Amino acid sequence: MSDSYLNFANSSFGAKLTNLIGLPKPLLLARYRADQPVINGSVLLGGSAGSELLQPLARAFAAMAVQSVAHHALPQWVAIANQQGLMTGRWGVGDQPGAKVKALVFDASGLTDSSQSDALYQFFHDAARSLLTCGRVVVIGRPPESCSAPRQATVQRALEGLTRSLGKELKRAITSNLVYCANGAEDQLESTMRFLLSPRSTYVSGQVIRVGKPTADAAVINWAQPLAGKKVLVTGASRGIGAAIAEVMAREGAQLICLDVPQAQTGLDEIAARLGGRALAMDISSTEAPALLTAAALADGGWDVLVHNAGITRDKTIANMKEALWQSVVNVNLSTQERINEALVEAGALKSGGRIVCVSSISGIAGNLGQTNYAFSKAGVIGMVQSMAPVLAERGITINAVAPGFIETQMTAAIPFTIREAGRRMNSMGQGGLPVDVAETIAWLASPASAGLNGNVVRVCGQSLLGA
Ligand code: NAD
């Protein structure tokens, strides 16, 4: 489904007309291209006294070949960056802002009291106008729940309000996200920084991401194809978001097992053949599915990644809903995932270092009229991710979820026009996301480099107002 207003507003005639009559103009979002660097422009670094993450950030930036400049309140960055062989310099002279930058990164880990928040004000006040279109803001702090002093926990928690407001205020397709990096997890930042600074995260904004200690020993990462040689199951792969997930996983080097219902066999065979994967026609809600999948995984020598994407909607207000509609949605979207995870993990068919990525929905966060069954199932997916994360960590496996907002698919094309337009526009990007935006987020969570990400629920919703 394409967004004709977005296309019109970005045509030469449409741009003139929307300017003339003052209509909002959603911008074309930058998306991943193989011929582009991780980030297309330099990063402006800010921080406060006692910033603790500058060394790991410099190492990550060196690995990404990022160009950086230092805000005047963070002069120590220049020496730290130089040690890592990074191109760097100071940004701005006196009161004059420096050149335009593609990202603002603020190390807030040193903040221990709200009275120190001036450092945040100064940095974003100075730099907000210097951020390019489709730019990035990343604030990095310490998880409030791990802070020993209440005042430190308080100022760290306050960062959420700042980053979310920046996402709404900066506009121009700029994303703003907060990363809480646990003590001892500093070397796990790279995978998340690569994702958040790059165009892959184009529809992820207003999110809080927790990076913890790795669940398994560090692997050597091939950043060009992090999933090379990995066996990846994608459910619901014949179309929509599932097909995009399969495409991105294949691009990242995965050996795919593409699963969908037997009725979708034609589309399934086509995508599996195109991506060099295997088609598996199966109804995941059947009682035999967990055992069949376990046997298939064991026959492959174990799988590395499970992506639970298959899902259905059967919308009705609860007073009008037949029991079968409730049961089928809860079964396909939630109970089935629980059964499959348990069977594969019990049998050792999901390898150590494995990844489970589930697809929830903002409906599971905000609730939705006519979707009690769907929202129950998708909120349950979040519950499953959060409760299973510590259990699976003991086996070196991570589990995370994405929660898409309005994504342009056949599912959303079926929504009545006025509700569809509201869903599309009520977010900081003024447009719906594409299936590839969900897929890129899943690929980041599924990467061997993301061993520090466990129990996260990341919305891919362009900072939708729903459930915000
Ligand atoms: P879609 O209907 O286009 O694709 C879903 C796929 O899952 C289909 O190919 C379908 O055949 C398959 N499937 C359904 N039941 C199955 C079963 N029992 N066994 C095997 N395969 C089964 O939907 P989509 O828009 O691509 O959505 C994909 C996921 O994203 C779903 O979990 C959905 O709830 C979620 N989601 C979508 C949006 C959106 O805006 N499109 C928003 C939030 C969440």
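Note that the structure is predicted; figures quoted are calculated from it, not measured. We use all heavy atoms of the structure for the numbers below, so side chains are in, but hydrogens, waters and symmetry mates are not. Remember, it's 1-based here, ligands and their atoms both numbered in the order they're listed.
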Check whether any N or O atom of Q410, backbone or side chain, sits under 3.5 Å from an N or O atom of ligand 1, and answer yes or no.
no

Kindly confirm or rule out an N or O of S360 lying under 3.5 angstrom from an N or O of ligand 1.
no

Look at atom CZ of R157 and say whether more than 12 heavy atoms of other residues, nucleotides or ligands are closer to it than 6.0 Å.
no

Could you tell me whether I241 and ligand 1 have an N or O pair separated by under 3.5 Å?
yes

For Y32, is the NZ or CZ atom of R200 found under 6.0 angstrom from the centre of its six-membered ring and inside 45 degrees of the ring axis?
yes

Please assess M282 against E288 for the test side chain to side chain contact (heavy atoms under 4.5 Å, CB included), listing each intermediate value before the final yes or no.
CA-CA 10 Å; M282 182 188 293; E288 58 275 18; over 6 Å; no

Donor + acceptor pair across side chains of T398, T215 (<3.5 Å):
no

Ligand 1 atoms in contact with G240 (distance to a heavy atom under 4.0 Å):
26 (O)

I want to confirm something. Looking only at heavy atoms, which of G242, G311, G423 is nearest to atom 5 (C) of ligand 1?
G311

Write out the residue and atom name of the closest protein heavy atom to atom 12 (C) of ligand 1, then the distance separating them to 0.1 Å.
D260 OD1, 3.3 Å

Please say whether T412 places an N or O atom under 3.5 Å from an N or O atom belonging to ligand 1.
no

Electrostatic pair E342-R339, nearest N-O below 4.0 angstrom:
no

Which of the ligand 1 atoms, numbered from 1, are nearer than 4.0 Å to a heavy atom of S238
9 (O)

Looking at A310, which atoms of ligand 1 are within less than 4.0 Å of one of its heavy atoms?
7 (O), 13 (N), 21 (N), 22 (C), 32 (O)

With a 4.0 Å cut-off on heavy atoms, does K378 reach ligand 1?
yes

Contacting atoms of ligand 1, where contact means under 4.0 angstrom from a heavy atom of D283
17 (C), 18 (N), 19 (N)

Is NZ or CZ of R194 both nearer than 6.0 Å to the six-membered ring centre of W223 and within 45° of the ring axis?
yes

Would you say A264 and ligand 1 have an N/O pair spaced under 3.5 Å apart?
no

Between N400 and R210, is any side-chain donor less than 3.5 angstrom from a side-chain acceptor?
no

Could you tell me whether S361 and ligand 1 have an N or O pair separated by under 3.5 Å?
no

For G405, atoms of ligand 1 separated by under 4.0 Å from a heavy atom
40 (O), 42 (C), 43 (C)

Quick one: nearest non-hydrogen protein atom to atom 41 (N) of ligand 1, plus distance?
T409 OG1, 2.9 Å

Can you tell which part of I312 has a heavy atom less than 4.0 Å from ligand 1: side chain, backbone, both or neither?
side chain

Side chain, backbone, both or neither: which applies to L259 and ligand 1 if a contact is any heavy-atom pair less than 4.0 Å apart?
side chain

Which of the ligand 1 atoms, numbered from 1, are nearer than 4.0 Å to a heavy atom of Y374
33 (C), 34 (O), 35 (C), 36 (N), 43 (C), 44 (C)

Counting from 1, what ligand 1 atoms have a heavy atom of M282 closer than 4.0 Å?
19 (N), 20 (C)

Given V261, N331, T313, N309, which has its nearest heavy atom closest to atom 31 (C) of ligand 1?
N309

V359 heavy atoms within 4.0 Å reach ligand 1 at atoms 29 (C), 30 (O), 35 (C)

Note the single closest protein heavy atom to atom 23 (O) of ligand 1, along with its residue, its atom name and the distance in Å.
M411 CE, 3.7 Å

Between P404 and ligand 1, does any nitrogen or oxygen pair lie at a separation below 3.5 Å?
no

Just going by heavy-atom distances, which of R459, Q337, R239 is nearest to atom 2 (O) of ligand 1?
R239

